[in-house]
Amino acid sequence: MLEPSAMTQPILQFGTSRFLQAHVDLFVSQALARGQALGGITVVQTTHNPASAQRVAALAQGAGYPVHLRGLLRGERIDSTVTCNAVRQAWQADADWPRLLEAVAGEVRVIVSNTADRGYQLDAQDGPDLLASPSRVPRSFPAKLLVLLRHRWQQQPEAPLSIFPCELIERNGDALREVVCGLAAGWALPADCIAWLRQHCVWANSLVDRIVSEALDPVGAVAEPYALWAVEKQDRLVLPCEHEAIVLTDDLDHHERLKLFLLNAGHTYLAERWLVDGRAADETVQQAMNDAALRAALESLWAEEVLPVFDALGQRDAALAYLVDLRERLLNPFLAHRLADIAQNHAQKKQRRLAPVLALASQLGLDLAQPRLRAALAGTAQSE
């Protein structure tokens, strides 16, 4: 069992999802073994989800957890289990709020978050009175983060701090910064504090890409071998670790388009067909890809409705190379990646994943019919 008095870890993570377990946490664990990480991770549960509470309890035991990497990678069959031991502390925000305040005022150099689709939403019950009551815990994630960062500003404003949102939101670092700074202005925090939030804290825009199909009980995950964390270059950026899957880039938009227009749009198109066609309740991505008619429809969507956009951008070769890896990932025979899971929050996902393809095609002046994308957005996609 980890001791409550264990030394503050330099990486503070909000979220206990299976994705973070098999992505950021695993990267840090692998880097620690090579002496290429800042140090360990403190994981914080911010919700009252019972499953999250079970994961935190398991992580707090300090024994590490398994990540099963299963799939094909450039034609090679991968089926291995890796133990992730980067998580050194596991807390619950409501129960451990004083420890969180102390940790943020101490050695934390990196903050990571993955708080799902509604993570940046505010709560009307959070107000500036929280600043005068250190024992009270804010309800929303942005309010929690603001209270913690304000405490950091008061205690050691000169220490470097980089914030890495991993939510699948365009320019997630900029988006989270604006929510937090807007809240700070609404609470009438001092101008010096708001300037510190904007200018001293480094809010990283990044893109995460790894299919993590299953959670293990009580903690752990099953994931594909492929992984990417593309991070936009910034001055004073502090990375949690060095890892071959972390790519520093001057063109994050390029990486985002590849994932959004090809992987995410492909997933959402398959989910749309699963819903509209009334396909088997437990159908997986791999099964859908092995349905000749559905596979042909998806390939036509990529070739006729998406690739011309990359062609107009001068990025066709990069898109074709991404598709080579993507087909291998979607045909992974080892992952039970259910279309029912992908179809959650489907209406919102369609707007985020399909509409931008149409918008960019129009912006580029392309004369594309894009019937499958339009039908999916309208909820009328039919079998071909």
Below 4.5 Å, heavy atoms only, C-beta onward: do [X] and [Y] meet side chain to side chain?
X	Y	value
T8	V108	yes
V231	V247	no
L12	V110	no
Y226	D209	yes
V82	P66	no
L239	L248	yes
H254	T249	no
V43	R55	no

Assigning hydrophobic clusters by single linkage (Ile, Leu, Val, Met, Phe, Trp, Tyr; side-chain heavy-atom cutoff under 4.5 Å), is [X] placed with [Y]?
X	Y	answer
V56	F14	no
V212	L69	yes
L72	I211	no

Report yes or no: does [X] contribute a side-chain atom to a donor-acceptor pair with the main-chain N or O of [Y] at less than 3.5 Å?
X	Y	answer
Q13	G15	yes
Q92	T47	yes
Y269	L354	no
W91	Q45	no
R88	Q9	no
D96	R99	no
S300	A296	yes
K233	D250	no
T268	N264	yes

Review item, side-chain donor-acceptor pairs of residues 331-342, under 3.5 Å, at least two apart:
from, atom 1, to, atom 2, distance (Å)
N332, OD1, F334, N, 2.9
N332, ND2, R70, O, 2.8
R338, NH1, D341, OD1, 3.1

Might you point out which heavy atoms bring [X] and [Y] nearest each other, and give the distance in Å?
X	Y	result
I246	C241	CD1-O, 3.6 Å
G39	V28	O-CG1, 3.5 Å
S17	N114	OG-ND2, 3.6 Å
W274	A343	CZ3-CB, 3.9 Å
A245	A227	CB-O, 3.6 Å
A93	T46	CB-CA, 4.3 Å

Do other residues, nucleotides or ligands put more than 12 heavy atoms under 6.0 Å from [X] [atom1]?
X	atom1	value
R236	CZ	yes
E102	CD	no
E244	CD	yes
Q156	CD	yes

Original post:
Looking only at side chains, do T42 and Q89 share a donor and an acceptor under 3.5 Å apart?
Top reply: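 Result is yes, a qualifying pair exists.
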**OP:** Would you check if there is a donor-acceptor pair between the side chains of S113 and E167 at a distance under 3.5 Å?
**Re:**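 Side chains of E167 and S113: pair found under 3.5 Å.
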Original post:
What's the verdict on side chain to side chain contact (heavy atoms under 4.5 Å, CB included) for L377 and Q351, showing C-alpha distance, side-chain angles and the deciding distance?
Top reply: CA-CA 7 Å; L377 272 170; Q351 290 301 319; 3.6 Å; yes
**OP:** Give me the ring orientation class for F27 and W229: parallel if the planes are under 30° apart, tilted from 30 to 60°, perpendicular past 60°.
**Re:**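 Plane angle between 30° and 60°, so tilted.
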Original post:
According to the interplanar angle, ranging from 0 to 90°, do the rings of W196 and H200 count as parallel (below 30°), tilted (30 to 60°) or perpendicular (above 60°)?
Top reply: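 Correct class here is parallel.
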Original post:
Is R316 positioned over the aromatic face of F310, cation under 6.0 angstrom from the ring centre and no more than 45 degrees off axis?
Top reply: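 No; the conditions do not both hold, so R316 does not lie above the ring face of F310.
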Residues [X], [Y]: salt bridge by 4.0 Å N-O rule:
X	Y	result
R372	E304	yes
E272	K350	yes
E224	R210	no

Point-to-point distance, once rounded to the nearest 0.5 Å, from [atom1] of [X] to [atom2] of [Y]:
X	Y	atom1	atom2	answer
R18	D25	CZ	CG	14.5 Å
I163	L149	CD1	CG	5.0 Å
Q54	N49	CD	CG	9.0 Å
L183	L189	CG	CG	8.5 Å
L146	L197	CG	CG	6.5 Å

**OP:** Apply salt bridge (charged side-chain N to carboxylate O under 4.0 Å, His left out) to R74 and E328, showing your working.
**Re:** CA-CA 8 Å; R74 300 178 186 89; E328 196 173 56; over 6 Å; no
Original post:
Between D129 and R136, is a salt bridge (charged side-chain N to carboxylate O under 4.0 Å, His left out) present by the stated rule, with each step listed?
Top reply: CA-CA 9 Å; D129 55 309; R136 286 187 54 203; 2.4 Å; yes
**OP:** Kindly indicate, with the supporting measurements, whether the criterion side chain to side chain contact (heavy atoms under 4.5 Å, CB included) is fulfilled by D126 and L122.
**Re:** CA-CA 8 Å; D126 290 331; L122 301 177; over 6 Å; no
**OP:** Test E178 against R198 for side chain to side chain contact (heavy atoms under 4.5 Å, CB included), laying out the working first.
**Re:** CA-CA 9 Å; E178 293 310 305; R198 286 192 173 278; 2.8 Å; yes
**OP:** Share the residues that join L252 in a hydrophobic cluster, the rule being Ile, Leu, Val, Met, Phe, Trp or Tyr side chains under 4.5 Å apart at the heavy-atom level.
**Re:**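 Other cluster members: L207.
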**OP:** Just grab all the salt bridge (charged side-chain N to carboxylate O under 4.0 Å, His left out) pairs involving residues 355-370, residues at least two apart or on different chains.
**Re:**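 Counting only pairs at least two positions apart or across chains, no salt bridge (charged side-chain N to carboxylate O under 4.0 Å, His left out) contact touches residues 355-370.
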Original post:
Looking at R279, Q287, Q286, which one forms a side chain to side chain donor-acceptor pair (under 3.5 Å) with E283?
Top reply: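 Filter result, single survivor: R279.
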Original post:
Per the side chain to side chain donor-acceptor pair (under 3.5 Å) rule, which among E256, R177, E232, E170 passes with N205?
Top reply: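 Of E256, R177, E232, E170, side chain to side chain donor-acceptor pair (under 3.5 Å) with N205 is met by E232 alone.
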Original post:
Taking it one step at a time, do D79 and H68 satisfy side-chain hydrogen bond (donor to acceptor under 3.5 Å, both in side chains)?
Top reply: CA-CA 7 Å; D79 189 357; H68 296 176; over 6 Å; no
**OP:** Using the side chain to side chain contact (heavy atoms under 4.5 Å, CB included) rule, take V202 and V238 through it: C-alpha gap first, then chi angles, then the decisive distance, then the call.
**Re:** CA-CA 8 Å; V202 179; V238 176; over 6 Å; no
